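All remarks here apply to the structure that follows.
None of the values given here were measured: they were computed from a predicted structure. Positions are given from 1 along the sequence.
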Amino acid sequence: MTYIDKLALILVRNRKQLVARSRGKDVYFTPGGKREPGESDKDALIRECKEELTVDLIPETILPYGVFSAQAFGKPEGTMVRMTCYTADYEGTLTPNEEVEELAWIQSDCPDDRLSITGKMILQDLKEKELID
């Protein structure tokens with residue numbers, strides 16, 4: 001089994017979760033990405049959120065949320081994604097970059113076909129913890 005190790009930002013406001021959609025894709029993802037060699041989780045998450053969302057995470061507010069693993073979206077069977085998730089506050093205005101076509105705030109009624117498997121798992125977890133509607 002192959003693992004893709006990723007980091008993600010769980011951002012909830014007004015009982016909705018922030019998700020992003022890449023250009024040319026139909027499915028929303030949780031903002032974040034992969035570490036570069038030698039990068040810590042915190043440094044990678046700060047970099048990825050700056051790249052995708054054009055905001056600056058406030059380092060001292062970055063807290064662990066949880067780890068979610070599932071079949072990687074759009075990858076061969078047996079390729080798993082392990083998504084280590086964090087919460088954080090930020091400075092700036094959330095704005096999609098050139099790779100991201102859309103940012104959206106979703107609730108638990110978001111259609112399953114609009115989310116990756118890990119996206120569904122995170123949404124369900126947020127609902128169970130009564131953090132989103």
Considering all heavy atoms of both residues, which atom of [X] and which atom of [Y] are nearest to each other, and what is their separation?
X: Leu115; Y: Val27; answer: C-CG1, 3.4 Å
X: Pro31; Y: Leu18; answer: CD-O, 3.7 Å
X: Glu48; Y: Lys34; answer: OE2-O, 3.5 Å
X: Ala70; Y: Met121; answer: CB-SD, 3.8 Å
X: Thr61; Y: Ile58; answer: OG1-O, 2.7 Å
X: Cys85; Y: Ile122; answer: SG-CD1, 3.8 Å

Give, for atom [atom1] of [X] and atom [atom2] of [Y], the distance between the pair rounded to the nearest 0.5 Å.
X: Ile4; Y: Ser69; atom1: CD1; atom2: OG; answer: 11.5 Å
X: Asp112; Y: Leu123; atom1: CG; atom2: CG; answer: 8.5 Å
X: Asn97; Y: Cys49; atom1: CG; atom2: SG; answer: 11.0 Å
X: Ser108; Y: Gln124; atom1: OG; atom2: CD; answer: 8.0 Å
X: Asp125; Y: Phe68; atom1: CG; atom2: CZ; answer: 4.0 Å

Any side-chain heavy atom of Leu131 sitting closer than 4.5 Å to one from Arg15?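 No, too far: nothing below the 4.5 Å cut-off.
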
Student check: side-chain heavy atoms of Tyr86 and Lys42 closer than 4.5 Å: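 SC-SC contact between Tyr86 and Lys42 ruled out.
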
Quick check on the hydrophobic clustering: are [X] and [Y] connected, directly or via other members, by side-chain heavy-atom contacts under 4.5 Å?
X: Leu53; Y: Phe29; result: yes
X: Ile62; Y: Tyr90; result: yes
X: Tyr28; Y: Leu11; result: no

Give a yes or no on whether Asp109 atom CG has more than 12 heavy-atom contacts from other residues, nucleotides or ligands under 6.0 Å away.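 Counting other residues, nucleotides and ligands, CG of Asp109 exceeds 12 neighbours.
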
Got more than 12 heavy atoms from elsewhere within 6.0 Å of CD, Glu130?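 Not buried by this count: 12 neighbours or fewer within 6.0 Å.
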
Main chain of [Y], side chain of [X]: is a donor-acceptor contact present, judged purely on distance under 3.5 Å?
X: Thr30; Y: Ala8; answer: no
X: Ser22; Y: Lys25; answer: no
X: Arg13; Y: Gln17; answer: no

For side-chain contact (heavy atoms from CB on, under 4.5 Å), just list the numbers for Gln107 and Lys127, CA-CA rounded to whole Å, side-chain angles, deciding distance to a tenth of an Å, and then say yes or no. CA-CA 8 Å; Gln107 300 180 94; Lys127 176 68 173 173; over 6 Å; no

Show the numbers, then the answer: is there a side-chain hydrogen bond (donor to acceptor under 3.5 Å, both in side chains) between Ser116 and Thr118? CA-CA 5 Å; Ser116 65; Thr118 51; 3.3 Å; yes

Take Lys50 and Asp56 through the salt bridge (charged side-chain N to carboxylate O under 4.0 Å, His left out) test and state the conclusion after the steps. CA-CA 6 Å; Lys50 181 71 169 178; Asp56 295 306; 3.2 Å; yes

Test Leu57 against Asp89 for side-chain contact (heavy atoms from CB on, under 4.5 Å), laying out the working first. CA-CA 6 Å; Leu57 295 187; Asp89 292 326; over 6 Å; no

Salt bridge (charged side-chain N to carboxylate O under 4.0 Å, His left out) between Arg23 and Glu99, worked out: CA-CA 6 Å; Arg23 294 202 181 281; Glu99 296 174 13; over 6 Å; no

Tyr65 ring centre to Lys129 NZ or CZ under 6.0 Å, with the angle to the axis within 45°?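 Judged by the rule (NZ or CZ under 6.0 Å from the ring centre, within 45° of its axis), Lys129 counts as positioned above Tyr65.
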
Between Leu103 and Val19, does the side-chain contact (heavy atoms from CB on, under 4.5 Å) criterion hold? Intermediate values first, please. CA-CA 6 Å; Leu103 297 178; Val19 292; over 6 Å; no

Test salt bridge (charged side-chain N to carboxylate O under 4.0 Å, His left out) on Asp41 and Arg35; report intermediate values, then the result. CA-CA 7 Å; Asp41 281 12; Arg35 283 179 215 80; 2.6 Å; yes

Side-chain donor/acceptor pairs under 3.5 Å, residues 73-83, sequence neighbours excluded:
from: Thr79; atom 1: OG1; to: Pro76; atom 2: O; distance (Å): 3.1

Side-chain ion pair, Lys16 and Asp133, N-O less than 4.0 Å: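 No.
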
Do Val12 and Ile132 pass the side-chain contact (heavy atoms from CB on, under 4.5 Å) test, and can you show the C-alpha distance, the side-chain angles, and the key distance before you say yes or no? CA-CA 7 Å; Val12 175; Ile132 62 169; 4.0 Å; yes

